[in-house]
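The figures here come from the full heavy-atom set of this structure, side chains too, leaving out hydrogens, waters and symmetry mates.
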Amino acid sequence: MKKYLPALVLDVVLVIVFCAIGRRSHDEANALTGLATTAWPFLTGLAVGWLATVALYRDKFDAFLIVPTGIVVWLSTLAVGMLLRVVSGQGTAFSFVLVAGTVLAVFLLGWRAVAKIVTKSRATTR
């Protein structure tokens, strides 16, 4: 499991970057507390996605795979994140859900796609 720590850290960093970009685009103040308020629902969703994927695919778990890991992590981050935003009284406008879903997909699936391409490229050049 230790070999997957970089993947987990990258997912966490990308979710925080997503939240920071969103706060910055709306000129929201209170940098650290505001970022924490925005990020916790999505980070919780990310944790749920990781735990679910590890539990479901225990013997075949690979954090670098787009399917199933990336998809489960992305959908969980989005769905649980939005649910927790509703419960905590934060906004979930339809346009925000679309933007969040798109950006999180690009971030959480994108790096996995790039890693796959790089890994394949290295394997074919050897």
Side-chain angles (χ1 to χ4, degrees):
M1 193 63 182
K2 199 175 188 181
K3 70 179 181 176
Y4 297 123
L5 186 60
L8 175 60
V9 169
L10 184 55
D11 279 349
V12 168
V13 167
L14 289 171
V15 168
I16 291 170
V17 167
F18 156 71
C19 294
I21 290 169
R23 292 191 57 78
R24 177 78 177 158
S25 70
H26 294 289
D27 292 324
E28 295 181 3
N30 247 350
L32 287 179
T33 5
L35 181 59
T37 300
T38 303
W40 79 264
F42 295 106
L43 291 171
T44 302
L46 180 74
V48 169
W50 265 79
L51 291 172
T53 308
V54 169
L56 289 169
Y57 300 96
R58 183 179 328 241
D59 298 333
K60 299 183 269 182
F61 176 76
D62 185 345
F64 297 93
L65 293 177
I66 296 170
V67 177
T69 308
I71 299 294
V72 171
V73 167
W74 165 55
L75 291 175
S76 176
T77 302
L78 181 64
V80 173
M82 291 301 169
L83 179 66
L84 291 174
R85 282 181 63 88
V86 168
V87 169
S88 65
Q90 298 183 48
T92 54
F94 182 69
S95 59
F96 174 64
V97 175
L98 290 178
V99 170
T102 303
V103 173
L104 288 170
V106 169
F107 281 6
L108 299 175
L109 302 176
W111 78 258
R112 287 174 169 88
V114 169
K116 183 175 184 164
I117 291 167
V118 168
T119 303
K120 242 183 202 179
S121 174
R122 286 184 182 167
T124 58
T125 58
R126 289 184 183 166

Under the salt bridge (charged side-chain N to carboxylate O under 4.0 Å, His left out) rule, what pairs show up with a residue in [range], not counting sequence neighbours?
range: residues 92-112; value: D11-R112
range: residues 62-89; value: none
range: residues 66-76; value: none

Sort and list the pairs that fulfil side-chain hydrogen bond (donor to acceptor under 3.5 Å, both in side chains) and have at least one residue in residues 95-106, not counting sequence neighbours.
none

Nearest atoms (heavy-atom pairs only) where [X] meets [Y]:
X: A63; Y: A7; result: CB-CB, 3.7 Å
X: V72; Y: A52; result: CG1-CB, 4.4 Å
X: F18; Y: F107; result: N-CE2, 3.8 Å

Please report the interatomic distance [atom1]([X]) to [atom2]([Y]), rounded to the nearest 0.5 Å.
X: L84; Y: Q90; atom1: CG; atom2: CD; answer: 9.0 Å
X: L32; Y: T37; atom1: CG; atom2: OG1; answer: 10.5 Å
X: L78; Y: L83; atom1: CG; atom2: CG; answer: 11.0 Å
X: I21; Y: I16; atom1: CD1; atom2: CD1; answer: 12.0 Å

Applying ring pair (Phe, Tyr, Trp, His ring centres under 6.0 Å) to F96 and not counting sequence neighbours gives none

Y57 meets the ring pair (Phe, Tyr, Trp, His ring centres under 6.0 Å) criterion, sequence neighbours left out, with none

V73 and side-chain contact (heavy atoms from CB on, under 4.5 Å): which single residue from L75, T77, I71 fits?
T77

Pick one: which of I66, L104, V114 meets side-chain contact (heavy atoms from CB on, under 4.5 Å) with L109?
I66

Find out whether T69 and F61 are in side-chain contact, i.e. whether some heavy atom of one side chain is under 4.5 Å from a heavy atom of the other.
yes

Between W74 (side chain) and G101 (backbone), is there a donor-acceptor pair under 3.5 Å?
yes

